[in-house]
Q: 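Here you go, one structure.
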Amino acid sequence: MAKGISSRADNYAQWYVDIVKKAGLADHSAVRGCMVIKPHGFAIWEKMQAQLDRMFKETGHVNAYFPLFIPKSFLSREAEHVEGFAKECAVVTHYRLKQNDDGTGLIVDPEAKLEEELIVRPTSETIIWNTYKDWIKSYRDLPLLVNQWANVVRWEMRTRLFLRTAEFLWQEGHTAHSSKQEAIEEALQMQEIYATFAEEYMAMPVIRGRKTTSERFAGAVDTYTIEAMMQDGKALQAGTSHFLGQNFAKAFDVKYLNEENREEYVWATSWGVSTRLVGGLIMTHSDDDGLVVPPKLAPTQVVIVPIPKPNPEIMEVAERIAAELKGKGISVKIDHDPKKRPGYKFAEYELQGIPVRIGIGKRDLEKGQIEIARRDTKEKTMVDLGQEANYISALLDTIQQDLFAKALAFQRARTNRADTWEDFTRLLDEGFVSAHWDGTSETEAQIKAKTKATIRCIPNDQEAEKGTCILSGAPSTGRVLFARAY
RNA sequence: CGGGGCGUAGCGCAGUCCGGUUAGCGCACCUGCUUUGGGAGCAGGGGGCCGCAGGUUCGAAUCCUGCCGCCCCGACCA
């Protein structure tokens, strides 16, 4: 175990906090519930952003930016939406401070009360649909495919670094369509993009599915989700995509003239992923020695450590290898620090999760070799000089694939079927449980009250299978996925 | 927001019950020497509004009140 990191077995929650802090990803801030994302953590988020942004644009979306503040009256326009978010909104009531009369500090100037309070956006549907009303007049304006990268605020009672903070960074896509079918296809397409991103870039296997009524987004007709399993067997909702029907179009009166010159309401979707993904990434791959980052998202993919310390002969080889790797599009850092010892550096770079480490030592060079170590397995291999570029290029791919395969094997091993209540409660301690449910919110709520588990989703690939509800015994036509969740 | 725990140097902690010199220890940091292939050794050195604000007292890290923050467990959520 690395210095100062709790083990997953002893205290999973503390292990997570230790990784975030020791790997330099984020810190708690002076503001309740808000974190400071440090350069290393932000670099990972930037890698995620860059790839997601590419995927959004490849599917025809464009970026825009809407205000941080939302007039209070906007929020109440859509009944379910307001109910879902009202409890966790930060509200701006004044626009000025002034010196206290006794000169002891600043107070809110009572003279500067806003006519209408402003909500700090918890999500942007309302301000965006209020804007779309002006943008959309004709079927020729559709589909409207807009995304924004932004921060949002949700006043959470209990926060955890990356997983749930009062302010977080995310992207939110908001699209408008002329047909119901097209909007549903858009929502499903975005779910698939999220799933592809999670699996191919984060190496985090996910279950694609649909939310039950009680779990879906406030104001949505349907919420599609990707659910990932963390190393403690708990589920993490990693991304959601919503089919909003005509709810927001009606609330904000967004109509267009179709080809027959008739007015119709548009159909809508919204979809988002957040900095929570960084938390998911950590809890999918990291170990008791520190962070493990898949190569495709690692800010630095390879680190070169001179052994025992930098000298001209070693550094010349290091520079040559670094240039060669950079030429292949691989990001490389050379360690120039003459004071720290190799053992210290090895531990430090393992903590930071750099996927591949090259050790260049005097004795190795005499044999025309260098040592290449992979972070995920700690395996070390001696490689002949000249072979390193091809070797590392292939190794990065291998690590990426192995991380996914390992996570997938874990997820499968800890996903079980249950047909009796006894098995159900026992298997929930393992991870995901696939079981029959009678389809009612009442039963869902009772199961949650008894076990703390929720229905994570009705899987997209749910098989038709007759059975009886795990709790009520009422008939069911297919299994749904239960788990305790973050 | 309820219950429990914690807050003392960058990090991890002792000291608090039972008030009393200059607040300690390990790691990290600085200097020097010796080392150097998995978190080096010795010697010397620097660093503290003891979470914050009040109060009690001749005297407070220690006692009292209030507040803030973190962690764990619950209720809510991406």
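Quick caveat: nothing in here was measured; it's all calculated off a predicted structure. Protein chains get the first letters and strands the later ones, always in sequence-line order, with residue 1 at the start of each.
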Q: Rounded to whole Å, how long is the line connecting atom NZ of A/Lys211 with atom C1' of B/C77?
A: 11 Å
Q: Can you identify which nucleotide, out of B/G37, B/G38, B/G39, has its nearest atom closest to the A/Glu348 side chain?
A: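 So the nucleotide nearest the side chain must be B/G39.
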Q: Can a salt bridge be assigned to the pair A/Glu371 and A/Arg363 using a cut-off of 4.0 Å between side-chain N and carboxylate O?
A: no
Q: Angle class for the A/Phe197/A/Tyr201 ring planes (parallel below 30°, perpendicular above 60°, tilted otherwise)?
A: parallel
Q: Compare the minimum distances between each of B/C11, B/G37, B/C76 and the side chain of A/Glu156, then state the nucleotide with the smallest one.
A: B/C76
Q: Please confirm whether any donor atom in the side chain of A/Lys378 sits under 3.5 Å from an acceptor in the base of B/G38, or the reverse.
A: no
Q: Among B/G38, B/C29, B/G39, which nucleotide has an atom closest to any side-chain atom of A/Glu350?
A: B/G38
Q: Sort out the partner of B/C13 for me: Watson-Crick or G-U wobble, both distances under 3.5 Å, none otherwise.
A: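 Pair assignment: B/C13 / B/G24.
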Q: Considering only side-chain heavy atoms of A/Lys87, which listed nucleotide, B/C76, B/C11, B/G39, is closest?
A: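 Within the option list, the nearest is B/C76.
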Q: Does B/A40 pair with anything, Watson-Crick or G-U wobble, both distances under 3.5 Å, and if so, with which nucleotide?
A: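 By the stated definition (distances under 3.5 Å), B/U34 pairs with B/A40.
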Q: Does B/A40 have its OP1 or OP2 closer than 4.0 Å to a side-chain nitrogen or oxygen of A/Arg341?
A: yes
Q: When the ring planes of A/Phe217 and A/His242 are compared, do they come out parallel, tilted or perpendicular, using 30° and 60° as the limits?
A: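 A/Phe217 vs A/His242 ring planes: parallel.
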Q: Out of B/G39, B/G38, B/C11, which has the shortest distance to the side chain of A/Arg357?
A: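 Of the candidates, B/G38 comes closest.
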Q: Would you indicate which nucleotide in B/C77, B/G39, B/G37 comes nearest to any side-chain atom of A/Lys362?
A: B/G37
Q: Determine whether A/Trp45 and A/Ile37 satisfy the following criterion, side chain to side chain contact (heavy atoms under 4.5 Å, CB included), listing intermediate values before the conclusion.
A: CA-CA 9 Å; A/Trp45 175 239; A/Ile37 303 177; 5.7 Å; no
Q: Working to the nearest 0.5 angstrom, can you tell me the gap between A/Glu227 CD and A/Leu236 CG?
A: 7.5 Å
Q: Scan every strand shown for a Watson-Crick or G-U wobble partner of B/C6, both distances under 3.5 Å, and answer none if you come up empty.
A: B/G69
Q: State whether A/Lys448 places a side-chain N or O below 4.0 Å from either non-bridging phosphate oxygen (OP1 or OP2) of B/C76.
A: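 Answer yes for this pair, as a side-chain N or O of A/Lys448 is under 4.0 Å from OP1 or OP2.
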Q: Does B/G74 pair with anything, Watson-Crick or G-U wobble, both distances under 3.5 Å, and if so, with which nucleotide?
A: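 With both distances under 3.5 Å, B/G74 matches B/C1.
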Q: Do any side-chain nitrogens or oxygens of A/Arg158 fall under 4.0 Å of OP1 or OP2 in B/C73?
A: yes
Q: Which nucleotide in the set B/G38, B/C77, B/G39 lies at the smallest distance from any side-chain heavy atom of A/Arg164?
A: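 The nucleotide sitting nearest to the side chain is B/C77.
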Q: With rounding to whole Å, what would you report as the distance between B/A40 and B/G51 at their P atoms?
A: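 Straight-line distance between the two P atoms is 33 Å.
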Q: Would you kindly give the CG-to-C1' distance between A/Leu163 and B/C77, to the nearest whole Å?
A: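 Between C1' of B/C77 and CG of A/Leu163: 12 Å.
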Q: Can you figure out which of B/C72, B/G39, B/C73 approaches the side chain of A/Lys452 most closely?
A: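 For the A/Lys452 side chain, the nearest candidate turns out to be B/C73.
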Q: Does B/U56 have a Watson-Crick or wobble mate here (both distances under 3.5 Å), and if so which one?
A: none
Q: Considering Watson-Crick and G-U wobble pairs with both distances under 3.5 Å, what does B/G19 pair with?
A: none
Q: Of the nucleotides B/C72, B/G38, B/G37, which one has an atom closest to the side chain of A/Ala13?
A: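 Closest nucleotide among those given: B/C72.
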Q: Return the pairing partner of B/A61 with a 3.5 Å limit on both distances, Watson-Crick or G-U wobble; otherwise return none.
A: none
Q: Which residue, A/Gly33 or A/Trp170, contacts RNA chain B at a nucleotide closer to its 5' end, judged by nearest heavy atom?
A: A/Gly33
Q: If you pin A/Arg363 and A/Ala485 to their nearest nucleotides in RNA chain B, which one's is more 5'?
A: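 Whichever sits nearer the 5' end wins; that is A/Arg363.
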Q: Ring-plane angle category for A/Tyr12 and A/Trp15, please: parallel below 30°, perpendicular beyond 60°, tilted otherwise.
A: tilted
Q: Using whole Å, report how far CZ of A/Arg484 lies from P of B/A75.
A: 11 Å
